[in-house]
Engineer: 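Sharing a structure below in structure tokens format, with a few things to ask.
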Amino acid sequence: MMIKEFIIDFIRLFFPVTCSVCHKNLSKNEGVLCSSCYFNMPRTRFHNDENNAVCQLFWGRVKIEKATALFYYFKHSKYQSLIHQLKYKGKTDVGQELGKMLGGELLRSGFLKDIDVLVPVPLHPKKEKKRGYNQSFYICKGISEVSGIPIDSNTLVRNVYTETQTKRNRNDRYCNVKDAFSNKHSENFSSKHILLIDDVVTTGATLESCSNKILEIANSKVSIASLAVASN
Ligand SMILES: [Zn+2]
């Protein structure tokens, strides 16, 4: 046995690392999910379907080249806790590992073949300061790690404070985020195909607003990939 593996085993004996979904202890070959939760994840398998439910959210609203998500976000599903840990519990490693899973699937499906840059949906600076990080940036990190596609988190920025959206309907939400974004260095996105990255797609209002802002830049194209898509 390699010394490094021995040390990992030794540490895990006292500080077990547990599956982020079912909380069983993980073996040293498992990352954030145990093999059972990994295989049973409710994957969408949307990547090659141009009429999928994420694409349909944007029909008639904004021109998106391709859109997809890794898994379904069902209310009260045990997989819901992954997003909760990523957004509210500081578990950035969950975002990065799931980003690697998403990136691997996108790479194998050919989804990434003409993508130039990964862009995390920006948080309002106040919110990011409070949380300490932008969860979507860690999803980008995972995708970038497996694909080699660079991340740009400085060009698209968020500029007005929008209050919490949970009680708002789609139109209210859209108005609320319509002017929330700006392009700081537009030239970075000129003639580029941008892949916007989010944690959960619900109504698509925020992504629609980001996309409209990016599409103001000459010859830019936008696609969307999210960890999860809300489903009833
Ligand atoms: Zn598990």
Side-chain angles (χ1 to χ4, degrees), residues 47 50 54-55 57-58 61-70 86-87 92 95-96 98-107 109-162 165 173-201 203-227:
H47 317 322
E50 57 188 30
V54 183
C55 295
L57 280 175
F58 301 99
R61 294 166 71 187
V62 60
K63 191 179 181 299
I64 299 297
E65 306 297 317
K66 299 178 275 191
T68 192
L70 177 64
L86 168 61
K87 284 175 85 160
T92 53
Q96 199 165 335
L98 293 174
K100 276 158 74 176
M101 281 173 68
L102 174 60
E105 285 195 14
L106 295 181
L107 200 61
S109 68
F111 190 99
L112 295 177
K113 72 173 186 294
D114 53 350
I115 300 294
D116 298 303
V117 63
L118 307 171
V119 174
V121 168
L123 289 183
H124 186 276
K126 268 191 211 165
K127 201 174 201 177
E128 184 162 342
K129 201 169 172 203
K130 203 170 152 208
R131 186 171 294 173
Y133 59 96
N134 176 353
Q135 67 276 10
S136 297
F137 176 76
Y138 286 89
I139 305 168
C140 286
K141 269 183 89 168
I143 301 172
S144 183
E145 214 175 298
V146 296
S147 66
I149 300 172
I151 304 168
D152 182 325
S153 52
N154 301 312
T155 301
L156 180 71
V157 295
R158 194 150 191 157
N159 45 25
V160 291
Y161 192 74
T162 48
Q165 297 197 340
R173 280 194 188 196
Y174 183 66
C175 292
N176 200 32
V177 293
K178 193 160 66 90
D179 302 312
F181 301 94
S182 321
N183 296 310
K184 239 174 135 185
H185 307 280
S186 313
E187 65 280 6
N188 293 345
F189 288 168
S190 168
S191 303
K192 293 278 162 64
H193 188 169
I194 284 98
L195 183 60
L196 266 175
I197 307 296
D198 205 355
D199 48 6
V200 186
V201 187
T203 64
T206 306
L207 285 160
E208 178 182 355
S209 174
C210 288
S211 304
N212 274 321
K213 186 46 75 178
I214 294 171
L215 290 170
E216 290 175 2
I217 301 171
N219 302 316
S220 61
K221 288 195 257 180
V222 175
S223 287
I224 286 167
S226 173
L227 277 188

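In what follows, every heavy atom counts, from backbone to side chain, and hydrogens, waters and symmetry copies are set aside.
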Engineer: Less than 3.5 Å apart, which donor and acceptor atoms pair up between the side chains of residues 109-123 and the rest of the protein, not counting sequence neighbours?
Structural biologist:
unit_1: Ser109; atom_1: OG; unit_2: Glu105; atom_2: O; d: 3.3
unit_1: Ser109; atom_1: OG; unit_2: Leu106; atom_2: O; d: 3.0
unit_1: Ser109; atom_1: OG; unit_2: Phe111; atom_2: N; d: 3.3
unit_1: Asp114; atom_1: OD1; unit_2: Lys66; atom_2: NZ; d: 3.2
unit_1: Asp116; atom_1: OD2; unit_2: His193; atom_2: N; d: 2.7

Engineer: Can you sort out the partners of Asp198 under side-chain hydrogen bond (donor to acceptor under 3.5 Å, both in side chains), two or more places apart, ordered by chain and number?
Structural biologist: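 Residues passing side-chain hydrogen bond (donor to acceptor under 3.5 Å, both in side chains) with Asp198: none at all.
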Engineer: Are the side chain of Thr155 and the backbone N or O of Lys184 linked by a donor-acceptor pair below 3.5 Å?
Structural biologist: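 Side chain of Thr155 to backbone of Lys184: no pair is present.
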Engineer: Does the side chain of Ile217 come within less than 4.5 Å of Asn183's, by heavy atoms?
Structural biologist: yes
Engineer: Could you list the residues that satisfy side-chain hydrogen bond (donor to acceptor under 3.5 Å, both in side chains) with Glu216, not counting sequence neighbours?
Structural biologist: Lys213
Engineer: How close do Leu98 and Leu70 get, counting heavy atoms only, and between which atoms?
Structural biologist: O-CD2, 3.9 Å
Engineer: Hey, is CD on Glu50 packed in by over 12 heavy atoms from elsewhere, all under 6.0 Å?
Structural biologist: no
Engineer: Looking at Phe189, is its backbone amide N or carbonyl O close enough to the side chain of Ser220 to form a donor-acceptor pair, meaning the two atoms are under 3.5 Å apart?
Structural biologist: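 No, because the side chain of Ser220 does not come within donor-acceptor range (under 3.5 Å) of the backbone of Phe189.
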Engineer: Take Leu207 and Phe58 through the test side chain to side chain contact (heavy atoms under 4.5 Å, CB included) and record every step on the way to the result.
Structural biologist: CA-CA 9 Å; Leu207 285 160; Phe58 301 99; 3.9 Å; yes
Engineer: Quick one: closest heavy-atom pair of Lys126 and His124, and the distance?
Structural biologist: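 In terms of heavy atoms, the two residues are closest at N-ND1, 2.9 Å.
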Engineer: Donor-acceptor pair, Ser226 side chain versus Asp199 backbone, under 3.5 Å?
Structural biologist: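 Looks like yes, one N/O pair under 3.5 Å.
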Engineer: Do you know which two heavy atoms are closest between Asn154 and His185, and how far apart they sit?
Structural biologist: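 Shortest heavy-atom separation between Asn154 and His185 comes out as O-CD2, 4.4 Å.
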Engineer: Under a 4.5 Å cut-off applied to non-hydrogen side-chain atoms, are Thr206 and Arg158 in contact?
Structural biologist: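 They are in contact (side-chain heavy atoms under 4.5 Å apart), so the answer is yes.
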Engineer: Is the closest side-chain heavy-atom distance between Ile214 and Leu196 below 4.5 Å?
Structural biologist: yes
Engineer: Arg131 and Lys87: which non-hydrogen atoms are nearest, and at how many Å?
Structural biologist: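 Here Arg131 and Lys87 meet closest at NE-O, 3.1 Å.
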Engineer: Can you see which heavy atom on Leu102 is nearest to which on Ala225, and at what distance?
Structural biologist: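 Heavy atoms only, the tightest pair is CD2-CB, 4.3 Å.
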Engineer: Which pair of heavy atoms, one from Tyr133 and one from Leu86, lies closest together, and at what distance?
Structural biologist: OH-O, 2.7 Å
